[in-house]
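Worksheet: one structure, shown below.
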Amino acid sequence: MSPLELRLRAAPGRPSGSRRAVLAGCVGNLVEWYEFGVYGCLVTVIAENFFAPAGAGAGGAAALVTTYASFALAFFFRPVGALLFGRLGDRVGRRQALIAAVGLMTAATTAIGLLPTRAAIGAAAPLLLTFLRVLQGLSAGGEFGGAVSLMTEHAPPGRRGLGGAWQSFTVALGLLAGACTAAGLAWVLPADDLRAWGWRIPFLLALPLGAVALWLRAGLEEPPPAGRPGAYGVPGAAAPVRRGEVARAVVLGIGRIMGWSAAGYAFLVVLPSHLQAVLGASARDALLATALANLGFAASILPAGVLSDRVGRRPVMLCGAVSVVVLALPLLRLVQSPGAPTAAKAGAVLLAGALVGLLAGPGPAMLAEMFPRRVRCTGLGVAYALANAVFSGCAGLVITAVAAGTGSTAVPAYYAAGACALSVPALLTLRGGAHREPLR
């Protein structure tokens, strides 16, 4: 055992499984969100291969909207997955739920990479793709609740923001890895090869990543119940949980994270197809912009989580939401300006991603603190899944359809800013000292 491991094990108040819990949660999240990032970045290629009639090409608006409809459908199965896997995590254990979630995601993602296209099997191709997307939606719905519960329950009260931020950070790494993989393929492969077979590579790469995540999660330790050694919750008998109280917490949680969900997908996932379909940008430039946005997102998450442990969740998340409301349109206008310097455009997309990180860093811990342990996996998972189903899953469909119908190139900015404006009143209800209190 290394000296560092000895010091970590000997550190007072640190549960023995915390490092593996963080690592297992991180790798699983990376696999989940890597695939979503890849799908979002390659959506025009997927549209041509699976949804466009023969000869329609990748840029057909109808095929793009249909592809985003499949994307949204997967999100609407997330609440179902959150309920199924959440109940498993709350009743049987966090480890079993997380193993099942990442196993299902790995199998479905790998299968997408092996699917025959519409040119090969006709109308069965989009149906099979949609079915696999549904399986991915179920898996992703169960992933968040289990991973956030595990990470925050293993963390002391003064570090829950950082513990939960690791979940968001690996979401960012997954999206960034997906964007960079897609951008790298677009850079090294001719466009015809990318459309013909190159798009399959990122999906097949999920298989070895998923195998690592399964291995790590197989050795997880369950967080100790409150009152046991190493526990950080309130000791004593579990208080009865009222359904009405949980339902109200779910609705309030949705309000608090709807801006995060909408801005995250508008800036980090929908951006490449929007730049290509609406502004005529090349695939390389659009994917590079997305990679930079995800880089800014990743860079701000952990600092935001740490800051929320010091000053509270409310000021950090309010700063992010208000900043998106004020800056979304100016930043998008700068990116769209033909005469703007390249460095200024790069800075704009980096800043846009960083603003989302201010919401995503404290967000997981904030949700975990809203629910008691007995229903934490289910409660926070359902709140997150419903917010993402409505404000993330529909982002591409709404933005693409409204932009096509109105001719406006600023729809992504209005979408993100509007959702963040609606989120501000819910964020104002956060109690300033909740981050210092033990979990229930």
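Contact detail for Cys420 and Leu359: the closest heavy-atom pair is SG-CD1, 4.3 Å. When all heavy atoms are compared, the tightest approach of Gly142 to Ala101 is C-CB, 4.4 Å. Counting all heavy atoms, side chain and backbone alike, Gly253 lies closest to Leu367 at CA-CD2, 4.0 Å. Closest non-hydrogen pair, Asp90 versus Arg373, comes out as OD1-O, 3.6 Å. Of all heavy-atom pairs between Phe267 and Ala416, the closest is CZ-CB, 3.9 Å. When every heavy atom of Ala321 is checked against every heavy atom of Leu427, the shortest pair comes out as CB-CD1, 4.0 Å.
Put simply, the side chain of Tyr34 gets close to the backbone of Pro202: a donor and an acceptor are under 3.5 Å apart. A donor-acceptor pair under 3.5 Å is absent between the side-chain atoms of Tyr384 and the main chain of Ile257, judged by distance alone. In this structure, the side chain of Arg313 does not engage the main chain of Leu430 through any donor-acceptor pair within 3.5 Å. No donor-acceptor pair closer than 3.5 Å links the side chain of Arg78 to the backbone N or O of Ala389. Although no hydrogens or angles enter the test, the distance criterion places a donor-acceptor pair under 3.5 Å between the side chain of Thr378 and the main chain of Gly86. At least one donor-acceptor pair under 3.5 Å links the side chain of Asp309 to the backbone N or O of Leu162. Within the 3.5 Å criterion, the main-chain N or O of Leu30 finds no donor-acceptor partner in the side chain of Thr170. Of the possible polar contacts, none joining the Thr152 side chain to the Ala368 backbone as a donor-acceptor pair under 3.5 Å is found.
Here the straight-line distance linking atom CE of Met105 with atom CG of Leu135 works out to 9.5 Å at 0.5 Å rounding. Atoms NZ and CG, from Lys345 and Leu350 in turn, are 14.5 Å apart once rounded to the nearest 0.5 Å. Annotation: the span from Leu332 atom CG to Tyr415 atom OH amounts to 15.0 Å, rounded to 0.5 Å. Taking CG of Leu205 as the reference point, atom OG1 of Thr109 lies at 11.0 Å (rounded to 0.5 Å). Taken to the nearest 0.5 Å, the CG atom of Leu358 stands 10.5 Å off from the OG atom of Ser308. Atom CG of Leu209 is separated from atom CG of Leu204 by 11.5 Å, given to the nearest 0.5 angstrom.
A donor-acceptor contact under 3.5 angstrom links the side chains of Arg256 and Thr429, judged on distance only.
Side-chain contact check for Phe85 versus Leu104: some heavy-atom pair is nearer than 4.5 Å. The closest side-chain heavy-atom distance from Leu355 to Phe297 is not below 4.5 Å. Side-chain atoms of Leu380 and Val250, non-hydrogen and from C-beta on, never get closer than 4.5 Å to each other. Under the 4.5 Å side-chain criterion, counting only non-hydrogen atoms from C-beta, Cys319 is not in contact with Pro315. By the 4.5 Å heavy-atom criterion applied to side chains, Gln136 and Ile112 are counted as neighbours.
Under the side-chain hydrogen bond (donor to acceptor under 3.5 Å, both in side chains) criterion, Ser300 pairs with no residue, sequence neighbours left out. Not counting sequence neighbours, the partners of Ser168 by the side chain to side chain contact (heavy atoms under 4.5 Å, CB included) test are Trp260, Ile301, Ala360, Pro364.
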Apply side chain to side chain donor-acceptor pair (under 3.5 Å) to residues Ser149 and Arg376 and explain how you reach the verdict. CA-CA 7 Å; Ser149 296; Arg376 183 169 294 124; 5.3 Å; no

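For Arg217 and Glu143, the salt-bridge test passes: some basic side-chain N is under 4.0 Å from an acidic carboxylate O. Using a 4.0 Å cut-off between a side-chain N of Lys or Arg and a carboxylate O of Asp or Glu, Arg160 and Glu153 do not qualify as a salt bridge.
Surrounding CH2 of Trp166 are at most 12 heavy atoms belonging to other residues, nucleotides or ligands under 6.0 Å away.
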